[in-house]
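What follows is a single structure, written as structure tokens, with notes after it.
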Amino acid sequence: MAVKVGVLALQGAFALHTRALERLGVAAIEVRTQEDLVGVDALVIPGGESTAISKLLEANHLFDAIASRLAGGMPALGTCAGMILLANDVLDGRADQRSFGALDIAVRRNAFGRQVDSFEAEVHVAAIGDQPFHGVFIRAPYVEWSGPGVEVLGVIDGRPVVCRQGPVLATAFHPELSDDLRIHELFLSGSHAVTDTPER
């Protein structure tokens, strides 16, 4: 059965994720309400501004609904701000900033510097093949610490920038800004593995 993938569409680069999924033949659903969320099997949380997205999640009554789905095993892909929102612990965040705790990592916001320090780099991610992925890092976070259940799939300057725990995948960079669809394919392959299990 085809996976129905939602793209959180409150703020940030959601349209490019939708386009990437459509290029892979997946009908992506933009998620702005709890009703939108009900119809999806997996969720993409895009880059943007993590504090702003966090506030919009609360204002749209989506935070607890998504947290509940993630706790129930819903696959998710978080990129840049999405990685921050999926993390268990956010370093340098606002005191009132919430995260979903779906990925057992401590992540530092804007860790590679401010907007002017944005950069591009080749990231070796063995799970998608020998060819490195061209990562676009914009006010990017990195992972300070990861738990024993987390696979570190990609590293830049000794810092984890691609992590996976079960069906939850996160990158510090923006794969939607590349023509390379391998990160989205990796996410979808994990989503199929979950949604095709007999229990569902």
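Heads up: numbering here begins at 1 and tracks the sequence.
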If you define the side chain from C-beta out and look only at heavy atoms, does anything of L169 sit under 4.5 Å from L103? no
L177 vs L16 side-chain heavy atoms within contact, under 4.5 Å: yes
Hydrophobic cluster membership, with links at side-chain heavy-atom distances under 4.5 Å among I/L/V/M/F/W/Y: are L85 and L91 in one? no
Are L186 and V3 co-members of a hydrophobic cluster defined by side-chain heavy atoms under 4.5 Å apart? yes
Closest contact, heavy atoms only, P46 versus V44: CD-O, 3.7 Å
Would you say that R164 contacts F187 through its side chain, given a criterion of any heavy-atom pair below 4.5 Å between the two side chains? no
Using only atom types and a distance under 3.5 Å, with no angle test, would you say the side chain of T33 pairs donor to acceptor with the backbone of D36? yes
Run V90 and R109 through side chain to side chain contact (heavy atoms under 4.5 Å, CB included) and show every step you take. CA-CA 7 Å; V90 179; R109 297 171 70 241; 3.8 Å; yes
If you define the side chain from C-beta out and look only at heavy atoms, does anything of H184 sit under 4.5 Å from L77? yes
Evaluate the side-chain proximity of E176 to I183: yes if any heavy-atom separation is below 4.5 Å, no if none is. no
Output yes when a side-chain donor or acceptor of D41 lies under 3.5 Å from a complementary backbone atom of K4, and no otherwise. yes
Taking side chain as C-beta onward, heavy atoms only, is E30 less than 4.5 Å from T18? yes
Distance, nearest 0.5 Å, that separates CD1 of I84 from OG of S99: 9.5 Å
Donor-acceptor under 3.5 Å (R98 side chain, F63 main chain): no
Check against side chain to side chain contact (heavy atoms under 4.5 Å, CB included), I105 and M83: CA-CA 9 Å; I105 58 174; M83 170 184 259; 4.1 Å; yes
Exercise: do H61 and Q34 side chains pair donor with acceptor under 3.5 Å: no
At what distance, to the nearest 0.5 angstrom, does CD1 of I66 lie from CD1 of I45? 6.0 Å
Go through the steps for V40 and V31 under the test side chain to side chain contact (heavy atoms under 4.5 Å, CB included), then give the verdict. CA-CA 9 Å; V40 305; V31 173; 4.2 Å; yes
Would you name the heavy atoms of G73 and P167 that are closest together and state the gap between them? O-CG, 3.8 Å
Ring-face cation of R108 near Y142 (centre distance under 6.0 Å, axis angle within 45°): no
Could you report the tightest heavy-atom contact between C80 and A140, atom names first, then the distance? SG-CA, 4.3 Å
Any ion pair linking R182 and D180 (charged N to carboxylate O, less than 4.0 Å)? yes
Taking all heavy atoms of V123 and all of G154, pick out the closest pair and write down the distance. CG1-CA, 4.2 Å
Joint hydrophobic cluster, V161 plus V136, side-chain heavy atoms closer than 4.5 Å: no
Roughly how far, to the nearest 0.5 Å, is CD1 of I156 from NE2 of H124? 8.0 Å
Does E49 use its side chain to pair, donor to acceptor, with the backbone of T51 at less than 3.5 Å? yes
Enter the distance from F173:CZ to I138:CD1 here, rounded to the nearest 0.5 Å. 12.0 Å
d(S118 OG, R139 CZ) to nearest 0.5 Å is 8.5 Å
Do the side chains of F133 and T171 get nearer than 4.5 Å, heavy atoms only? no
Cluster question for you: counting only ILVMFWY and a side-chain heavy-atom cut-off of under 4.5 Å, with indirect links fine, are I128 and L24 together? yes
Can you get from V162 to W145 by hopping between Ile, Leu, Val, Met, Phe, Trp and Tyr side chains that sit under 4.5 Å apart? no
Within the side chain of Q165, is there an N or O that forms a donor-acceptor pair under 3.5 Å with the backbone of E151? no
Worked check of side chain to side chain contact (heavy atoms under 4.5 Å, CB included) between L10 and L62: CA-CA 10 Å; L10 299 179; L62 268 171; 4.3 Å; yes
Donor-acceptor contact below 3.5 Å, side chain S178 vs main chain P175: no
Hey, is the main chain of G47 close enough, under 3.5 Å, to the side chain of T79 for a donor-acceptor pair? yes
Atom CG of L70 and atom CG of L86: how far apart are they, to the nearest 0.5 Å? 6.5 Å
Using a strict 4.0 Å threshold on nitrogen-to-oxygen distance, state whether R69 and D64 make a salt bridge. no
Under 4.5 Å between any side-chain heavy atoms of I29 and V5, yes or no? no
